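Taking it in order: structure first as structure tokens, then the write-up.
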Amino acid sequence: MSSWDDDLQTELTRLQRQGLLRETRPVSNAVYPVLTAEGRRLVNFSSNNYLGLAGDPRIIAAEEAAANRGAGSAASRLIIGHDERTEALEREIAEWKGAESALLFANGYMANLGILSALLTPSDAVFSDQLNHASIIDGIRLSGAEKYIYRHNDPDHLEALLKQADRKGMKRKLIVTDTVFSMDGDQAPLVELVELKQRYGAALMVDEAHGGGVYGPQGQGVVHQLGIDKMVDLQMGTFSKAFGVYGAYVAADRNWIRFLLNRCRSLIYTTGLPPAVIGGIQAALSLVRDGSRLRQQLFQNSSRFRQRLQEGGFSVPADPSPILPVVIGNTQETLQFSKALLDGGIHALAIRPPTVAPGAARIRFSFMANHDSKDLDRCAEQVIRLGRSMGLQNMAG
Ligand SMILES: *Cc1c(COP(=O)(O)O)cnc(C)c1O
């Protein structure tokens, strides 16, 4: 027997002991506000399906219709080409984002990995928020660029690092950030980042994975909500969260896109998205663009639940966001709380290190436009009751 078996067993045992072991479980109806697990109905606070579109019959029908064009796309787009639908979709994404060009990717992870490793070389400097998504971190690692990690949402620290890179004579600088942070629901200080990018001659890339569909007049994202989209060099986003489908994009000036098409290994060396997914994204994009009503419902639901928890003594951030972190701190205590919530009919999973910093374990509640307000009230009450009975730190009194 190789030493691998023993080592794997040791590591798995350690994870189990520390409450860090991850496992997958079967659930059904995960695309709806109430899902079913082990025969039990649970109110779903665990998805990124903010607008409820993953279960939308119009998108599902569009996917079925598009599947008639083929089960798969047969090769990389650079080898076999792409169908007219893909071409039309990229044009529509560019138009929606107010950019010259757009490029589709298989998913957000591959988009970030490909974009960052294509653009950055070891002689470039990259400035990355400490809480950026793993796909950004991995893209930066793969590029070998000189990396400067700034404290979360701290423009002063970023500026100090920009100065430091200038003193070292680094010529090309790229600032990269999530617009909405997935585990906290807070937003990057984008106006300040644009000012810094201009002052220091850097480029700026934003990841709208959690902002797309949710913010902006047509769901374009946070930078459109703020009216600063023209100052951003690369707008990346996904179709897997509020859009409810799969896939990702980057929108930028034509030459940036042409360069990426020639250099992104995660685009060149992978099969194009299947027709059903292209059809689904097209339908979802149209619903997102006309989705003001859904966005309004989403924010109403989020603030309703937030307010109930505050009234019940929880300290929770007040910002309007589809994501609500209830930080517990201790990992084991967070797991116990999550388990108690499950027993009480609430599916809101514990987020543990290394997804969040040690000592910052939390329950992450995410909201949906089609959550039922009675379910929300009942769940908020339940959360408060359980929090009290467990004597959580996070609660006043
Ligand atoms: C989810 C997420 C991704 C990855 O997107 P997928 O399409 O799921 O691969 C990238 N960046 C951020 C900020 C995300 O939240």
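Every number for a ligand or one of its atoms is a count from 1 in the order of the listing. The structure presented is a predicted model; accordingly, all values stated were derived computationally and were not measured.
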- Where does the angle between the aromatic ring planes of F299 and Y215 fall among parallel (under 30°), tilted (30 to 60°) and perpendicular (over 60°)? tilted
- Query: Below 6.0 angstrom between ring centroids: does that apply to F239 and Y246?
  - Reply: no
- Mind checking whether D178 contacts ligand 1 via backbone (N, CA, C, O), side chain (CB onward), both or neither, at a 4.0 Å heavy-atom cut-off? side chain
- Which atoms from ligand 1 have a heavy atom of S135 less than 4.0 Å away? 10 (C), 11 (N)
- Task: Closest by any non-hydrogen atom to atom 11 (N) of ligand 1: pick that one out of L131, D207, T177.
- Result: D207
- Task: Looking only at non-hydrogen atoms, find the nearest pair between A350 and S338 and report the distance.
- Result: N-OG, 3.6 Å
- Task: Check each atom of ligand 1 against the heavy atoms of N112 and keep those under 4.0 Å away; list them by number with element.
- Result: 10 (C), 11 (N)
- Message: Do Q218 and V288 make a side-chain contact, defined as non-hydrogen atoms from C-beta onward lying under 4.5 Å apart?
- Response: no
- Query: Taking distance alone, with no angle check, do S240 and ligand 1 share an N/O pair under 3.5 Å?
  - Reply: yes
- Note on the structure: Within 4.0 Å of some non-hydrogen atom of H210, the atoms of ligand 1 are 15 (O)
- Message: Among M110, M183, H133, which one puts a heavy atom closest to atom 3 (C) of ligand 1?
- Response: H133
- Query: Considering only protein heavy atoms, which is closest to atom 7 (O) of ligand 1, and at what distance to one decimal place?
  - Reply: G108 N, 2.8 Å
- Can you check whether Y50 and F367 have ring centres sitting under 6.0 Å from each other? no
- So the atoms of ligand 1 within less than 4.0 Å of a heavy atom of A209 turn out to be 2 (C), 11 (N), 12 (C), 13 (C), 14 (C), 15 (O)
- Polar atom proximity, G247 to ligand 1 (N or O, under 3.5 Å): no
- Query: Between Y109 and ligand 1, does any nitrogen or oxygen pair lie at a separation below 3.5 Å?
  - Reply: yes
- Query: Would A248 count as a contact of ligand 1 if the rule is a heavy atom under 4.0 Å away?
  - Reply: no
- Scan K173, E195, E159 and name whichever one has a side chain to side chain donor-acceptor pair (under 3.5 Å) with Y200. E159
- Task: Specify the protein heavy atom at minimum distance from atom 15 (O) of ligand 1: its residue, its atom name, and the distance to 0.1 Å.
- Result: K241 NZ, 2.6 Å
- Parallel, tilted or perpendicular: which fits the ring planes of W96 and Y249, with parallel below 30° and perpendicular above 60°? perpendicular
- Test of ring centre spacing under 6.0 Å for F127 and Y150: no
- Taking it one step at a time, do N132 and D207 satisfy side-chain hydrogen bond (donor to acceptor under 3.5 Å, both in side chains)? CA-CA 9 Å; N132 275 344; D207 177 340; over 6 Å; no
